[in-house]
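Residue numbers begin at 1 in each chain, while the letters A, B, ... track the order of the sequences.
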Protein chains: 2
Amino acid sequence: MHRMASFVHPDLEDVPLGAVLSALADPARRAIVRRLACDAEQEGGGLACSVAAPPDLPRATMSNHYTVLRAAGLVRARKVGVSVLHTLRRDEVERRFPGVLEAVLAVQE
Amino acid sequence: MHRMASFVHPDLEDVPLGAVLSALADPARRAIVRRLACDAEQEGGGLACSVAAPPDLPRATMSNHYTVLRAAGLVRARKVGVSVLHTLRRDEVERRFPGVLEAVLAVQE
DNA sequence: TTCATAGTTCAATATATCCGAACTAACAGA
DNA sequence: TCTGTTAGTTCGGATATATTGAACTATGAA
């Protein structure tokens, strides 16, 4: 039986550093995070999964990448209509792991 | 047939960010990197593999972790007698990925 | 209804990691 | 030169993780 989608958004205090680094180690996930970082608007914003993800990524793989990013506390999801909009939890991550995400985003690649 | 050990030390310019993040994502490898960061003496220094690694780590696993760390450009190895001494390539990593390693090291865990 | 779109879940497969066992390399003592 | 010891590597098989096609759910529009 298939279960319904329910997004997990851990408190950053419960996220280990390894989870964040592991999530950011994947190029497709970094691409998503970079796009969300550009989409800076705070409330009511966010990008649909397939908008932030690399264009030729298989859907199942994309969905899995978002699950990893949410579990690492890096992004927040909310369902709007038929889409799932994601935003970067930039300030929360910065408070918990100062400089880590910012340094990664600053790397040109 | 068993081949002889020969350490690979890539130019940092050839190392992708993902390799560094992936290497640092593992807790045992971070423990090694933290210990090498404390052992700050530059020339002639370095710590033997088993000295910097967590004490109860299986030797094959430990050796593999050092291979990953070297391939990520994070550490440099040189054989001295029966030991292999490792040093952190801290300045080189900092030049290539400013703030990344420092931010990771700054996290208390 | 019916259809389309966005994304998830499942399950099979591919890939990567872990680690015991066997090995090499370097040195010390007899 | 043996024999032994210590440090670490390599191999290979077991285990764990990642990828992705296909089936599915959820929402909205025609």
With a 4.5 Å limit on heavy-atom distance, are the side chains of [X] and [Y] in contact?
X       : Y       : value
B:Asp39 : B:Leu88 : no
B:Leu85 : B:Ser83 : yes
B:Leu17 : B:Arg96 : no
A:Pro10 : A:Val8  : yes
A:Thr87 : A:Val75 : no

What N/O pairs connect the protein and nucleotides 3-7 of chain C at under 3.5 Å? Give each pair on its own line.
{"residue": "C:dA6", "atom": "O4'", "partner": "A:Val82", "partner atom": "O", "Å": "3.4"}
{"residue": "C:dG7", "atom": "OP1", "partner": "A:Cys49", "partner atom": "N", "Å": "2.7"}
{"residue": "C:dG7", "atom": "OP2", "partner": "A:Ser50", "partner atom": "N", "Å": "3.2"}
{"residue": "C:dG7", "atom": "OP2", "partner": "A:Ser50", "partner atom": "OG", "Å": "2.6"}
{"residue": "C:dG7", "atom": "N7", "partner": "A:Arg59", "partner atom": "NH1", "Å": "2.8"}

Worksheet item: How far apart are the closest heavy atoms of A:Val15 and A:Phe97, and which atoms are they?
Response: O-CZ, 3.4 Å

Response to the item:
Residues B:Arg70 and B:Ala77: closest non-hydrogen pair is CD-CB, 3.7 Å

Worksheet, complete the sentence: By nearest-nucleotide position on DNA chain D, the 5'-leaning member of A:Val80 and B:Ala60 is B:Ala60

Worksheet entry | Per-nucleotide protein contact string for nucleotides 13-18 of chain D, where B marks a base within reach and S marks sugar-phosphate only (heavy atoms under 4.0 Å, - for neither) | ------

Worksheet item: Atom CG of A:Leu57 and atom P of D:dT20: how far apart are they, to the nearest Å?
Response: 7 Å

Discussion item. Hydrophobic cluster membership, with links at side-chain heavy-atom distances under 4.5 Å among I/L/V/M/F/W/Y: are B:Val104 and B:Val107 in one?
Written reply: yes

